[in-house]
There are 2 protein chains.
Amino acid sequence: MREAGVDARKRRILQAIIEDYVLTALPVGSRTISRKYETSLSSATIRNEMSDLEEMGYLAQPHVSAGRVPSHKAYRLYVDGLLQEAVQPDEEARQYFAEQIRPMEDVAAAAAQAIARLTRYTAVVMMPKQLELRVSCLQLVPMPRGAALLVIVTDTGAIRDTVIRVSDRLDSDALFSISRLLTERLAGRTLKEVQEMLGAYARMNGPDARVLEGIASLARQMEKQSAQDTVIIGGSHNILNYPEYSDVEKARAFLSALEEKERLTSLLSRHDAPFMVHIGPESAIPDMQDCAIVTAGYQVGKGHRGAVGVIGPARMPYAKVLSTLGAVSRVLTDLLGE
Amino acid sequence: MREAGVDARKRRILQAIIEDYVLTALPVGSRTISRKYETSLSSATIRNEMSDLEEMGYLAQPHVSAGRVPSHKAYRLYVDGLLQEAVQPDEEARQYFAEQIRPMEDVAAAAAQAIARLTRYTAVVMMPKQLELRVSCLQLVPMPRGAALLVIVTDTGAIRDTVIRVSDRLDSDALFSISRLLTERLAGRTLKEVQEMLGAYARMNGPDARVLEGIASLARQMEKQSAQDTVIIGGSHNILNYPEYSDVEKARAFLSALEEKERLTSLLSRHDAPFMVHIGPESAIPDMQDCAIVTAGYQVGKGHRGAVGVIGPARMPYAKVLSTLGAVSRVLTDLLGE
DNA sequence: TGTTAGCACTCTCGTTCGTTGAGTGCTAAC
DNA sequence: GTTAGCACTCAACGAACGAGAGTGCTAACA
């Protein structure tokens, strides 16, 4: 029993099977391959090869008189081949973003929408955590009826705001003075330090306790949000477009799994290559055992890596998806990288 | 042929059928009613009554040997009965909101989430348009690298911001002076007026044209957004919980219909009663012919009415849903009404 | 006159049982 | 090593059929 590896011809046949299956979602028979892809070989020859490929674990048969379906292992081989080549970024995708300055959250949400539209899959965008976020500016904007909008801007350009109550004796000049004072004292400090310092001030400073409390609370919230990778999801119900999920129960399980973002976050946080592809059980997410998760990394700030990706059935046009993601990740790196 | 109206007994039977059907989603037979609801009557009697009710258009039979299913007309009668009584706001729902001051958009989004969770239906929240929005304050907050955050606050407390580029010679004091100047000139003006005035300034004022342009653009965007009713949707895929949508095609059609918000907006904009219920074709939304849309109005500011609601199969526990919506609308009126 | 028991009738649903057709594996010839 | 031929397997489809749920109708009863 010689049992050689996957020679060039087997590889071609396997690729043909995958490509046909990606299009049709139907088991592929030997005749189909012999007529549409390898016209110089007879169906019997293809059958022999397919039999070998099945033994090696690249193909599976739903039942004995059906054609073959690629296994996760087959997709893995196929995708590894694709990743060797340079991924060509998709030009259409590049042009999807208006060239406007927007805060990071908006950009990420826009990217998720764009990816979902372009690929017709569920899109995920991971924004990396930013530890040691430092306050760059802090300002109170007057609002009607004894309220004020508190805005905190960090050195990375992240913005967060909240409405707080203030004494209605404070006019806009007074609010500005407070803002200036606070910015002087707090600029350059990390969010953690800000919280500590405010604790100290609060004891001395009676009347404006509400303001200080508001800042502390916003700083706390901001730190909490930025201290962990966050995931944005777009086009979640694109999954219904695929026959793999024509069973409502499966679709529901998938959508529920999407809502528990921790699993996705931890998967995307380990993103250390330009592209990553998790096929089937590799993602270790139950209810997504028949899915592939394809992601591309992007750069935000110095050394922080985010990721954009799609989730869909393992039967996926990987080349197309990789090129779309490549384009989007490049745009994101341009917009957020500086 | 006497053919009287719906007497009290028919009404009771109809109600029993509806309530049983709401629970089980299965056609209801005469024996079920006679045993579970009207134990003093035999199934034969019930049968006669059901036959009458069918003739009057309140019941339908999927096929001759199945039980009866309530028609839209039946739900209508039932709901009209409910609306006569005072709707008791659901206490659980009241406690769902943290008592935090938040901008209107956040409150609306939170309400949508809450409603979706509480009812397990798709939730909609309509925020009414606000014409003649007047600027109350306008402020530039310094950001790193020659950018600034422009914040516009209106008299109603709406907040919108955008990042703009500014000359990096402008420090925080300079930005504040500009802010004060702009606020002095623009406070009290409508968004439309602001746009016009800025057009005039822009011609005189060379270097800071970018700032003025940024304001004009934000004002334009803000006006556009606030000049139309906007709808927020929550829990869109709750629909998959219901056997009526166990067919993926139907579910997809429903979800697509949800994305076209114009129809929903125009439906919710005509909200002139505390509660409204659109059953089946009454909503005039194709792909929601078998749905009911239940809404409760809430008050925002002086005279502006918003609405919160749910969308789900016509087979719906209307009393429960109305009471939940009643509670949420009351909370919203408290938070936004002032 | 309203209510009820009895009964024949109808129609869905689930099961069984061939039939069909796609696709395979194996063998023998090229 | 390749290919034609052929027997074989099994899902999918449809027809036939019995079971069961629920009805409408009739006739008896209060």
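Note: hydrogens, waters and symmetry copies are ignored here, and every other heavy atom, side chains too, is used. Throughout, protein chains are lettered first and strands after them, A, B, ... in sequence-line order, and every chain is numbered starting at 1.
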Enquirer: Check the distance between D:dT2's P and A:R47's CZ and give it to me in whole angstrom.
Expert: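 In whole Å, D:dT2 P and A:R47 CZ are 14 Å from each other.
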
Enquirer: Just to confirm, is there a sub-4.0 Å distance from OP1 or OP2 of C:dT24 to any side-chain nitrogen or oxygen of A:S30?
Expert: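 True: A:S30 side-chain N/O within range (under 4.0 Å) of C:dT24 OP1/OP2.
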
Enquirer: When the distance from CG of B:D52 to P of C:dG2 is rounded to whole Å, what number comes out?
Expert: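 Nearest whole value for this atom pair: 11 Å.
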
Enquirer: Please compare B:P62 and A:R68 by the position of their nearest nucleotide in DNA chain C and report the one closer to 5'.
Expert: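 Result: B:P62.
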
Enquirer: Nearest-Å distance, CZ (A:R31) to C1' (C:dG25)?
Expert: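 Distance, rounded to whole Å: 17 Å.
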
Enquirer: Return the value, rounded to whole Å, for the distance between atom CD of B:E54 and atom P of D:dC25.
Expert: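 Rounding to the nearest Å, CD of B:E54 and P of D:dC25 are 11 Å apart.
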
Enquirer: Donor-acceptor pair, B:N238 side chain versus B:A116 backbone, under 3.5 Å?
Expert: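 Between the backbone of B:A116 and the side chain of B:N238 there is a qualifying donor-acceptor contact (under 3.5 Å).
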
Enquirer: Less than 4.0 angstrom between a side-chain N/O of B:T45 and OP1 or OP2 of C:dT4, yes or no?
Expert: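 True: B:T45 side-chain N/O within range (under 4.0 Å) of C:dT4 OP1/OP2.
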
Enquirer: Taking the side chain as every heavy atom from C-beta outward, state whether B:R263 and B:P286 have any pair of such atoms under 4.5 Å apart.
Expert: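 A side-chain contact under 4.5 Å exists here.
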
Enquirer: Report the residue (A:G67 or B:H63) whose heavy-atom-nearest nucleotide on DNA chain C is the more 5′ of the two.
Expert: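 Per heavy-atom nearest nucleotide, the more 5' residue is B:H63.
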
Enquirer: Searching all strands shown, indicate the nucleotide that pairs with C:dT20 (Watson-Crick or G-U wobble; both distances under 3.5 Å).
Expert: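 With both distances under 3.5 Å, C:dT20 matches D:dA11.
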
Enquirer: What integer distance in Å separates A:N48:CG from C:dC26:P?
Expert: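 Checked: the CG to P distance equals 9 Å.
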
Enquirer: Round to a whole Å and report the spacing from CD1 of A:I13 to C1' of D:dG1.
Expert: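 My rounded result for the distance is 13 Å.
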
Enquirer: Quiz question: by atom type and distance under 3.5 Å, do the side chains of A:S266 and A:S269 form a donor-acceptor pair?
Expert: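 On atom types as modelled, these side chains do not qualify, holding no pair under 3.5 Å.
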
Enquirer: Would you indicate whether the side-chain heavy atoms of A:S34 and A:L41 approach each other to under 4.5 Å?
Expert: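 A side-chain contact under 4.5 Å is absent here.
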
Enquirer: Compare side-chain N and O positions of A:S65 against OP1 and OP2 of D:dC10 and report whether any pair is under 4.0 Å apart.
Expert: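 A:S65 to D:dC10 OP1/OP2: no side-chain N or O under 4.0 Å.
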
Enquirer: Quick one: label A:S40 by what it contacts on the DNA or RNA (base, sugar-phosphate, nothing), any heavy atom closer than 4.0 Å.
Expert: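 Sugar-phosphate contact only.
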
Enquirer: Take atom CD of A:E49 and atom P of C:dG23, then tell me their distance rounded to the nearest Å.
Expert: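 After rounding, the reported distance stands at 19 Å.
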
Enquirer: Is there a Watson-Crick or G-U wobble partner for C:dC7 with both distances under 3.5 Å, and if so, which one is it?
Expert: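 C:dC7 is paired, partner D:dG24.
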
Enquirer: Could you state the atom-to-atom distance from CD1 of B:I33 to P of D:dA21 in whole Å?
Expert: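 Spelled out: CD1 on B:I33 to P on D:dA21 is 17 Å.
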
Enquirer: Between the side chain of A:S71 and the main-chain N/O of A:G57, is any donor-acceptor distance below 3.5 Å?
Expert: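 Checking the backbone N and O of A:G57 against the side chain of A:S71, a donor-acceptor pair under 3.5 Å is found.
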
Enquirer: Is the phosphate of D:dT23, meaning OP1 or OP2, less than 4.0 Å from a side-chain N or O of B:S51?
Expert: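 So the side-chain polar atoms of B:S51 never come under 4.0 Å of the phosphate oxygens OP1 or OP2 of D:dT23.
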
